[in-house]
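Report on the following structure.
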Amino acid sequence: MVRIRKAESVSDFRKLHELFVKYQADLPKDLRLGNVPDIRDITERYGKHDAAFLATRDGKPIGCAAVAGLDAETAVMLRLFVTPESRGLGAARALVTAAIAFARESGYHRIVLDTSRELLKPAYLLYRSLGFQECEPFGSVSYQSPTFMELRLRTHKALADDRI
């Protein structure tokens with residue numbers, strides 16, 4: 001059984017760092033991000049306002065995803081990764097669902113991400129199945145032909161209801 005939890009402890013952030021390293025190595029060369037943040041940077045970024053999630057199976061870390069604020073209304077999901085031997089267990093869907101829930105609970109109006117529709121087709125199809133739509137670029141990336149996607153978390157009606 002796959003379990004998802006928010007990274008909070010020193011041990012969690014070490015595991016998260018190890019998964020970020022594996023994620024970087026697993027990406028097609030054209031999509032690699034460059035340097036992996038060190039444990040201290042990961043802990044500072046995801047241990048406060050932003051969040052990172054770990055997927056585990058039998059106590060072993062098998063995947064991760066992170067969420068960071070882009071601006072007051074927008075969160076960005078980063079570094080969705082599941083180890084190759086653990087794919088097909090539903091961990092990626094559970095991680096994205098946790099990221100969406102965190103963004104919604106944190107008051108963001110939308111969550112965005114970038115991917116490659118061609119090179120990361122399973123991820124693209126997962127995002128589509130969860131309601132993400134392609135959108136205009138929300139920032140710059142270091143690879144060619146990115147696919148930018150967003151999921152609206154609050155409708156205009158919900159925003160109007162909040163003002164009543």
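In what follows, every heavy atom counts, from backbone to side chain, and hydrogens, waters and symmetry copies are set aside.
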Quick one: does D12's side chain have a donor or acceptor within less than 3.5 Å of a partner on E8's backbone? yes
Check the pair L113, L78 against side chain to side chain contact (heavy atoms under 4.5 Å, CB included), reporting the backbone distance first and the verdict last. CA-CA 7 Å; L113 59 89; L78 309 153; over 6 Å; no
Looking at D71 and E73, would you say the former's side chain and the latter's main chain have a donor-acceptor pair under 3.5 Å? yes
Show the numbers, then the answer: is there a salt bridge (Lys or Arg N to Asp or Glu O under 4.0 Å) between E44 and R40? CA-CA 6 Å; E44 285 180 20; R40 191 176 121 253; 3.3 Å; yes
Considering residues, nucleotides and ligands other than E136, do more than 12 of their heavy atoms fall under 6.0 Å from its CD? no
Contact summary for I100 and F132, nearest pair of heavy atoms: CD1-CE1, 3.9 Å
Can you confirm whether K121 is buried at NZ, in the sense that more than 12 heavy atoms of other residues, nucleotides or ligands lie under 6.0 Å from that atom? no
Sub-3.5 Å donor-acceptor pair from the side chain of D114 to the main-chain atoms of M149, do we have one? no
Would you say the side chain of D41 lies within less than 4.5 Å of the side chain of F13, judging by non-hydrogen atoms? no
Side-chain heavy atoms of V67 within contact of V76, under 4.5 Å: no
Give the minimum heavy-atom separation between L126 and A92, together with the two atoms involved. CD2-CB, 3.7 Å
Tell me whether R5 forms a cation-pi arrangement with F53, defined as NZ or CZ under 6.0 Å from the six-membered ring centre and within 45 degrees of its axis. no
Looking only at heavy atoms, what is the nearest atom pair of I111 and A99, with distance? CD1-O, 4.0 Å
Verify side chain to side chain contact (heavy atoms under 4.5 Å, CB included) between Y127 and L80, making sure each step is shown before the conclusion. CA-CA 11 Å; Y127 301 138; L80 173 65; 3.2 Å; yes
Testing the 3.5 Å rule here: is there a donor-acceptor pair between the side chains of S129 and R93? yes
Would you check if H109 and L153 make a side-chain contact, meaning some heavy-atom pair closer than 4.5 Å? no
Hey, could you give me the CD1/CD1 distance between I4 and I62, rounded to the nearest 0.5 Å? 7.0 Å
Does any N or O in the side chain of S86 come within less than 3.5 Å of the main-chain N or O of V82, such that one atom is a donor and the other an acceptor? no
Taking the side chain as C-beta and beyond, is there a heavy-atom pair between V36 and H17 under 4.5 Å? yes
Gap between atom CZ of F102 and atom NZ of K6 - 0.5 Å precision: 5.0 Å
Would the distance check show the side chain of T115 and the main-chain N or O of Y124 forming a donor-acceptor pair, the cut-off being under 3.5 Å? no
How far apart are the C-alpha atoms of E134 and E150, what are their side-chain angles, what is the distance that settles it, and do they pass the side chain to side chain contact (heavy atoms under 4.5 Å, CB included) test? CA-CA 6 Å; E134 291 187 33; E150 72 176 351; over 6 Å; no
Pair D26-R79, salt bridge (Lys or Arg N to Asp or Glu O under 4.0 Å): steps then yes or no: CA-CA 11 Å; D26 190 64; R79 302 180 191 265; over 6 Å; no
Assess whether side chain to side chain contact (heavy atoms under 4.5 Å, CB included) is satisfied between T83 and L19, documenting all intermediate values. CA-CA 8 Å; T83 58; L19 287 165; 4.1 Å; yes
Between R3 and T56, do the side chains contain an N or O donor and an N or O acceptor separated by less than 3.5 Å? no
Would you check if F20 and C64 make a side-chain contact, meaning some heavy-atom pair closer than 4.5 Å? yes
Pairwise distance CG(L125) to CG(L120) - rounded to 0.5 angstrom: 11.0 Å
What's the separation between atom CD in E18 and atom CG in L16, rounded to the nearest 0.5 Å? 9.5 Å
Hey, could you give me the OG1/CZ distance between T147 and R128, rounded to the nearest 0.5 Å? 10.5 Å
Can we call the ring centroids of F138 and F148 under 6.0 Å apart? yes
Treat each ILVMFWY residue as a node, draw an edge where side-chain heavy atoms are under 4.5 Å apart, and state whether V2 and L130 are in one component. yes
When rounded to the nearest 0.5 angstrom, what is the spacing between CZ in R152 and SG in C135? 8.0 Å
